[in-house]
Number of protein chains: 2
Amino acid sequence: MSGMRIGEVAQASGTTAKTLRYYEDVGLLPDPDRSPAGYRDYGPEVLDRLHFIRRGQAAGLTLAQIGQVLAIRDRGQAPCQHVTDLLGTRLAVIDRQLAELAQLRTTIAILREHATTGDPATCSPEDVCRYL
Amino acid sequence: MSGMRIGEVAQASGTTAKTLRYYEDVGLLPDPDRSPAGYRDYGPEVLDRLHFIRRGQAAGLTLAQIGQVLAIRDRGQAPCQHVTDLLGTRLAVIDRQLAELAQLRTTIAILREHATTGDPATCSPEDVCRYL
DNA sequence: ATCGACCTTCCAGTGCACTGGAAGGTCAAG
DNA sequence: CTTGACCTTCCAGTGCACTGGAAGGTCGAT
């Protein structure tokens, strides 16, 4: 019983055939079975795996990090601790980015406020807009 | 009166001379004065600019985005309305990024919470560590 | 005078996550 | 039996933000 061809997997998972071959190259996907003609023949479990990869990416993990988690799982161990650590690190990074972005927002809002409240008449080329 | 050499700026700003030349190449830093021998001679304002760049990066902006904002800042002769529009656009983008980042943070926090509170005994490899 | 630390330019490479395209094989439909 | 969609491999390129290294110039100290 043959499974899915690469195009079907691509469509079902929302990626491309190119990407699937790439994932295989870099070890995120196991080498699939092949049809007699050499076509990749995927079992349904690949969709779970791709979903896992997508969730990891959505969480901002790199493919290398996702690969680590998958490798732990493939060795028959539960990667919970590893996942917890990775997510904790990501949280810290995101918190820092949030703080920086908020500060940047404030800075730009102030600049814009100045540009807005400046009397257009006094907004001479060399002057008012200068203090952006 | 000579200012800072590239190495001093690098040290003071926490980057490298390579990076400063790169920023100059891509237009984030203006061409600095040169000593008679051709050495870059930076005024103190470059540190402000580099700080701005670093903050923008920490907030997850690309150098291209940071460059846009800096270009607005540099265009003292730009009409106020134009400046306001551009800053408003950038504010909207930042607000969107802020919202996305906050959403991501929530998602990851929940994922991590699940991974943390999960009973390791029930976290079997077959589950693909369902937390992610 | 020469040493070593610094500077210059220019070109090339890195890592990530793909993406494009050539050259060719396979397969069901008309 | 040809057409066209799909598949294969392999090599090369993209965009971002640097980073490395060669080849050579400059400068202060010994």
Side-chain angles (χ1 to χ4, degrees), chain A residues 2-43 46 49-71 86 89-90 93 97 100, chain B residues 2-43 46 49-71 93 97:
Chain A
S2 73
M4 284 179 288
R5 284 176 307 164
I6 197 168
E8 291 170 319
V9 174
Q11 190 146 0
S13 64
T15 56
T16 67
K18 279 279 190 201
T19 300
L20 295 178
R21 292 193 201 98
Y22 171 71
Y23 284 174
E24 188 181 318
D25 272 1
V26 297
L28 265 89
L29 295 181
D31 289 10
D33 290 341
R34 297 294 182 126
S35 77
Y39 285 21
R40 283 171 181 79
D41 185 5
Y42 291 97
V46 76
R49 202 175 175 90
L50 284 168
H51 186 62
F52 180 89
I53 292 171
R54 280 197 51 187
R55 303 265 296 157
Q57 280 193 301
L61 303 182
T62 65
L63 290 188
Q65 289 174 322
I66 295 165
Q68 280 175 30
V69 178
L70 284 171
L86 281 174
T89 303
R90 275 294 294 159
V93 171
Q97 287 188 341
E100 294 289 351
Chain B
S2 74
M4 284 180 288
R5 284 176 305 164
I6 197 169
E8 291 170 319
V9 175
Q11 190 146 0
S13 64
T15 56
T16 67
K18 279 278 190 203
T19 299
L20 296 178
R21 292 192 200 99
Y22 171 71
Y23 284 174
E24 189 181 318
D25 271 2
V26 297
L28 265 85
L29 295 182
D31 289 10
D33 290 341
R34 296 294 183 129
S35 78
Y39 286 21
R40 284 173 180 77
D41 185 4
Y42 291 97
V46 77
R49 204 175 174 88
L50 284 168
H51 186 62
F52 184 89
I53 293 170
R54 200 184 64 70
R55 284 202 301 127
Q57 277 194 301
L61 301 184
T62 66
L63 290 189
Q65 289 174 320
I66 296 165
Q68 278 177 33
V69 179
L70 284 172
V93 170
Q97 289 183 345

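Convention: sequence-line order gives letters A, B, ...; per-chain numbering from 1.
Phosphate contact (OP1/OP2 of D:dC16, side-chain N/O of B:Gln65, threshold under 4.0 Å): absent. Within the 4.0 Å cut-off from OP1 or OP2 of D:dG25, not a single side-chain nitrogen or oxygen of B:Tyr39 is found. For B:Thr19 and D:dT19, the shortest distance from a side-chain N or O to OP1 or OP2 is below 4.0 Å. OP1 or OP2 of D:dT8 has at least one side-chain nitrogen or oxygen of A:Arg21 nearer than 4.0 Å. For B:Arg34, a side-chain nitrogen or oxygen approaches OP1 or OP2 of C:dT9 to under 4.0 Å. Contact between the side-chain N/O atoms of A:Arg40 and the OP1/OP2 oxygens of D:dT9 is found at a separation under 4.0 Å.
Comparing B:Leu63 and B:Pro36 against DNA chain D, the residue whose closest nucleotide sits nearer the 5' end is B:Leu63. Residue whose closest nucleotide on DNA chain C sits further toward the 5' end, between B:Glu24 and A:Ala37: B:Glu24.
Separating the CD1 atom of B:Ile53 from the C1' atom of D:dC18 is a distance of 14 Å, rounded to the nearest angstrom. In this structure, B:Glu8 places its CD atom 13 Å from C1' of C:dA5, rounding to the nearest Å. Atom OH in B:Tyr23 sits about 8 Å away from atom C1' in D:dC18, given to the nearest Å. Atoms OH (B:Tyr22) and C1' (D:dC16) sit 6 Å apart, rounded to a whole Å. Between A:Asp25 atom CG and C:dT19 atom P there is a gap of 14 Å when expressed in whole angstrom units. With rounding to whole Å, B:Lys18 atom NZ is found 15 Å from C:dT14 atom P. Taking atom CG of B:Leu20 as the reference point, atom C1' of D:dT19 lies 13 Å away to the nearest angstrom. Per the geometry, CD belonging to A:Gln57 stands 7 Å off P belonging to C:dA17, to the nearest Å.
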Would you mind writing out the side-chain donor-acceptor pairs for residues 3-12 of chain B within the sub-3.5 Å range, not counting sequence neighbours?
{"from": "B:Glu8", "atom 1": "OE1", "to": "B:Arg5", "atom 2": "N", "distance (Å)": "2.8"}

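Across all strands shown, A:Ser35 has no heavy atoms under 4.0 Å from either base or sugar-phosphate atoms.
Closest heavy-atom contact between A:Arg90 and A:Leu61: CG-CD2, 3.5 Å.
Using a 4.5 Å heavy-atom threshold, the side chains of B:Leu63 and B:Tyr22 count as touching.
Atom CZ of A:Arg54 has 12 or fewer heavy atoms from other residues, nucleotides or ligands within 6.0 Å.
Here the straight-line distance linking atom CG of B:Asp25 with atom CG of B:Asp31 works out to 9.0 Å at 0.5 Å rounding.
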